[in-house]
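As structure tokens, the structure follows; a few thoughts come after it.
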Amino acid sequence: MTMETTSTNITAKLPSFSGERQDYQRWHFQVGAYATLGRFGEAMGTTPEADLPSSDAKVLDLTTDEGKRKEKARERNRRAVATLSIALAQDPVALSFVYTTYVPTNTSL
């Protein structure tokens with residue numbers, strides 16, 4: 001499966017992880033660059049963003065600045081989860097880590 005992201009006329013293919021230890025460092029760097037181009041790099045850390053709601057089911061007031069920030073954080077998180085899920089499809093252990101680390105409770109994913 002090929003997924004691409006475009007930012008200011010730059011297109012990059014999502015790097016997939018082979019599951020091999022010797023390939024991890026290069027893949028980690030490449031997927032970080034991919035996330036930066038896709039404007040969701042902030043969501044790729046192991047600590048949730050401060051603005052990320054604790055639950056995907058939480059209703060946000062999008063008429064406020066806080067609600068808008070939280071919705072943007074939620075969208076970045078969704079893109080990060082989707083990206084890592086596709087990139088790590090060959091490695092079920094790593095994919096399990098993505099689910100337990102990045103997916104908020106009561107989510108629709």
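Nothing fancy with the numbering, it's 1 onward along the sequence.
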The side-chain hydrogen bond (donor to acceptor under 3.5 Å, both in side chains) partners of Glu49 (sequence neighbours excluded) come to Arg76
Taking only residues two or more places apart in sequence, or in another chain, which ones meet Tyr24 in a ring pair (Phe, Tyr, Trp, His ring centres under 6.0 Å)? Phe17, Trp27, His28
List the residues meeting side-chain contact (heavy atoms from CB on, under 4.5 Å) with Thr64, not counting sequence neighbours, and say none if there are none. Asp61, Glu66
When you check the gap from the basic side-chain N to the acidic O, do Glu71 and Arg74 get nearer than 4.0 Å? yes
Fellow cluster residues of Leu62, listed by chain then number, with links counted only when side-chain atoms sit under 4.5 Å apart: Leu60
Can you list everything that forms a side-chain contact (heavy atoms from CB on, under 4.5 Å) with Gln25? Sequence neighbours excluded, please. none
List the steps and the verdict of side-chain contact (heavy atoms from CB on, under 4.5 Å) for Met44 and Leu84. CA-CA 9 Å; Met44 296 294 283; Leu84 291 173; 3.6 Å; yes
Kindly write out the residues that satisfy salt bridge (charged side-chain N to carboxylate O under 4.0 Å, His left out) with Arg69, not counting sequence neighbours, or none if the list is empty. Asp51
Ala87 versus Pro15, closest heavy-atom pair with distance: CB-O, 3.3 Å
Indicate if Phe40 and Ile86 have the same hydrophobic cluster label, given that clusters are the connected sets of ILVMFWY residues with side-chain heavy-atom separations under 4.5 angstrom. yes
